[in-house]
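Some notes on the structure that comes next.
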Amino acid sequence: MKTTKFHLQTRKETPADAEIISHQLMIRTGMVSQLGSGLYNWTPLGLKVLRKIEKIVREEMDKAGCLEMIMPTIQPSSLWEETGRWDKYGDLLLKIKDRAGRDFCFGPTHEEVITDFARKEIKSYKQLPITFYQVQTKFRDEIRPRFGVMRAREFLMKDAYSFHLSTDCLKKTYAKIHQAYCNIFERIGLTYRPVEADSGEIGGTGSHEFHVLADSGEDAIAYSTGSDYAANVEKCEVLAPTKQRKEAIAELTVIDTPNKKSIADVANFLSVSPKKLVKTLLVEGVDFPVALVLRGDHELNEIKAANLKQVASPFTMLDDEQIKMIAKCDAGSIGVKDLDCYIIIDRAVEIMSDFITGANQDDKHLTGVNWDRDAKFNQVADLRNAQAGDPSPDGKGKIKIARGIEVGHIFQLGDTYTDSMNAVVLNEQGKSQHMTMGCYGIGVSRVVAAAIEQNHDDKGIVWPQQIAPFTVVILPMNMAKSERVKQVANNLYSDLTKLGVEVIMDDRKIRPGVMFADAELLGIPHQITIGDRALDEGEVEYKSRKEMQNVRIKLDEIVNHITSLL
RNA sequence: CGGGGUAUAGCGCAGCCUGGUAGCGCAACUGCUUUGGGAGCAGUGGGUCGGGAGUUCGAAUCUCUCUACCCCGACCA
C-alpha cells in the first residue's frame, strides 16, 4: 500500500473528550471515528487491525473444533420472553418494533438465538458435543459508554456456545476453549492472565475472565509469582497467617487522640505503623448489626463480607446515627472493647497483640489492647482484599497485584437456557434430556484498545507484530528530487510485497519529519528509511518501532533482514 | 437513571459577563522557497455560532425550552 492511495488521516492534536491513551491514539491515527455515543466507524486503517485479530480468533476457534455461523443481529422478543430476559436484561436491551408493531431487540448476546437453533437442529446425543461461534456486532445500550471502543455500545464480539449431554463433557470443552483463548492472546502478542471469576448470576460451576494487563485497566488482578494462580482481587482468598499471636505485654491504656479520626491520622499522631492499629466497621447484619474488624493497613472486601451469613445483603455500612447508638461515639473512635454486637475479625487481626483501637468514646483510643484479656470476638473470617506480598492461596509463591482489562470471559452455563427454552435431546436410553451449555466471549474490538493500552510510548502505538496494520513501513527521503531514492524505494516495495509482506510506503510529498512522526504514531513494527546519505554507501536504514535504534543495512541484504524478523 | 459540565470551521480553542450578525492556532487547497525529525512566505476555501421559541431596531452574546456529547457512580466483551 502507498500512503497516497490509502486513507491516512492522522492528527497532531488529541480530541478533548478522549480520556485514555488507547482512545486518544485511535483517534489520532484515524483508526476510528465517532458517529454517536458509543458508536464508531472503523476506518480502513482500524479495520486492518480488527481483521487481524478476528483471523487469529477464527483460526484458534476452528482448531478447537468450533463451527462458525452468523445469526441475526435483530432478535424477536418472544425468545427473550421465554428466558425471562426481555424484562430482566433491563435497559441494556435496545428494543425496536417492526412495521407491524412486533417487538424485537438488537442482540446484546445470542444465548436465546443459539439455544433456539440448537433445540430445532439437535435431536440426538449423537450430535453432541457441538460448539457454534459467531463474530458479530452486538449492541448493548450501556448506561455510560466511554473510553472509545473500550466500552462502546455497538461492538464486535466473538461469542461461542457449546452444547453437551453431561457436565463432564462440558468441562472438557471448557478446558479446550480455555486453551484456545490462551493461544489467541499468546498469538496476538499480549501479556494476559486467565483469572478465576465469579460465575455470579448466570450460575454454573466455573468461570474465567481473560485480562490483558495494563496500568489503565479497570480491574485489579491478584496473581501468583510462583504458579499460574490468578484471580480478581475481590475473589482472591487471603490465607490465615502462619505466625502465632505474641504474648500480651502492654498495659491497656486510654489515650487522648483529639480530632484524630482516620487510621492515618491516629498512626501519625502516635508515630506508629498503621499495622499496629485495628479498625472496626459497623455494618448491617441479618438481624443485628455486625462489627467487621481489620488491621489498619488492610482494606475491607465487601464481597467477602456480604457472603458471610451474619452480614446483610446488599452490603450496607451503618450511618452515623446508628453508629452512635451502638458505639456511643463517632465512626473515628469505634473499638472492639465492650462493643455490644456480633464481632467478626479478619484472619490477620486474630494474631495481633498489644494493638491500638478506638475507645468507643470520641477523641480517645486504647493502646495495648489484647484479645481475651480486654476484648472478645465471635468469629474469624477472611474479610480483606489481597495485597501484594500476601501468600498465594494455592500455597505457591506470593501475590502480586496488576491491573487488567477484561477482554474475554468463559462460563459453564449449565442448563439455565436449555431448561427455560426446553432444548432437549434423546440420550442413549432414548429418554429426553436437557442439554447443558457453555458460553465463551471475546470482545474483539476491545482487544484492539487493550493492545494499545499495553503497547504504546510517547510517540504513539507500538503494535505487536501479529496485529499491526502494516508490518513494514518504507520512508523514502526526498523522493521527489532523488530518482535514485525513488527507484530503490519502489523496488524494495515490490520485492517485499511479492514476498507477501504487508508494506506501506510513504510516497507523499512531505517533509521527512512528518513521515517519521506518522510512522511512529501508527506503530508499524519495522521501519526502513531510504535516503541518498546511506545509499552512497550502498545502505539503507532499519529501525524497529520497539527499540527505536537506527541500524545501517546493506541494500542487498535488507529483504533478508526483514524476513528474518517476521 | 442520579450528580456535574460542554456545544462557535475537520481538530483544539477565544469571543458571551458589558448585544451592533465571528476570530486565532493546527489541518485543507494554490504558488514560490525549503528538504533527514511535525518548515517559511504569500494567498484561498470552509461556520444559518447544536435545534426551536422569546426579548430587542438588532442575539454567538440575554431568557425559556429541546437535543447531543463528555465527566463521576452502578453494569459489562
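These numbers were taken from a predicted model, which means no experiment stands behind them. Within every chain, numbering begins at 1; the chains are lettered A, B, ... in the order of the sequence lines, protein sequences first and strands thereafter. Worth knowing before you read on, the calculation uses all heavy atoms, side chains too, and leaves out hydrogens, waters and symmetry mates.
- Nucleotide B/rU6 forms a Watson-Crick or G-U wobble pair with B/rA68, both donor-acceptor distances falling under 3.5 Å.
- Looking at heavy-atom distances under 4.0 Å, A/T14 makes contact with sugar-phosphate atoms alone, never a base.
- When both distances must be under 3.5 Å, the Watson-Crick or G-U wobble mate of B/rU63 is B/rA53.
- Only the C1' atoms considered, B/rC49 is 8 Å distant from B/rA22, to the nearest whole Å.
- Annotation: B/rU6 and B/rA39 have their C1' atoms spaced 35 Å apart (nearest Å).
- Using the Watson-Crick or G-U wobble rule with both distances under 3.5 Å, B/rC29 pairs with B/rG43.
- Both distances falling under 3.5 Å, in either a Watson-Crick or a G-U wobble arrangement, place B/rC13 opposite B/rG23.
- Using cut-offs of 30° and 60° for the angle between ring planes, the A/F185 and A/Y181 rings count as perpendicular.
- Comparing the C1' positions of B/rG4 and B/rU44 gives an interatomic distance of 43 Å, to the nearest angstrom.
- Pairing partner, B/rA77: none, since no Watson-Crick or wobble contact has both distances short of 3.5 Å.
- The shortest heavy-atom contact between A/D518 and A/T10 is OD1-OG1, 2.9 Å.
- A cation-pi arrangement is present between A/K2 and A/Y493, with the terminal nitrogen or guanidinium carbon under 6.0 Å from the aromatic centre and inside a 45° cone about the axis.
- When both distances must be under 3.5 Å, the Watson-Crick or G-U wobble mate of B/rG37 does not exist.
- Screening A/K486, A/K481, A/R484 for a salt bridge (charged side-chain N to carboxylate O under 4.0 Å, His left out) involving A/D532 leaves a single residue, A/R484.
- Taking the ring centroids of A/Y417 and A/F163, they lie at or beyond the 6.0 Å cut-off.
- Exactly one of A/L475, A/N491, A/V485 qualifies for a side chain to side chain contact (heavy atoms under 4.5 Å, CB included) with A/I530. That residue is A/V485.
- Residue-to-nucleotide contacts include no donor-acceptor pair under 3.5 Å from the side chain of A/R140 to the base of B/rC76.
- No side-chain donor from either of A/S420 and A/E82 sits under 3.5 Å from a side-chain acceptor of the other.
- Checked against a 6.0 Å centroid threshold, the rings of A/F411 and A/Y174 do not count as neighbours.
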Q) What string of B, S and - do you get for nucleotides 29-43 of chain B, 5' to 3', if B is base contact, S is sugar-phosphate-only contact and - is no contact with any protein heavy atom under 4.0 Å? A) -----BBBBBB----

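- If you check every strand for non-hydrogen atoms under 4.0 Å, A/A449 touches nothing.
- Among the atoms of the strands shown, only primed sugar atoms or phosphate atoms (P, OP1, OP2) are found under 4.0 Å from some heavy atom of A/E406.
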Taking only nitrogen or oxygen atoms into account, show me every contact under 3.5 Å that the protein makes with nucleotides 68-70 of chain B, one pair per line with its distance.
{"residue": "B/rC69", "atom": "OP1", "partner": "A/S37", "partner atom": "N", "Å": "2.8"}
{"residue": "B/rC70", "atom": "OP1", "partner": "A/Q34", "partner atom": "NE2", "Å": "3.0"}
{"residue": "B/rC70", "atom": "OP2", "partner": "A/S37", "partner atom": "OG", "Å": "3.0"}

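- Counting only N and O atoms by type, the side chains of A/H110 and A/Q75 include a donor and acceptor under 3.5 Å apart.
- Under the Watson-Crick or G-U wobble criterion, with both distances below 3.5 Å, B/rG58 has no partner in any strand shown.
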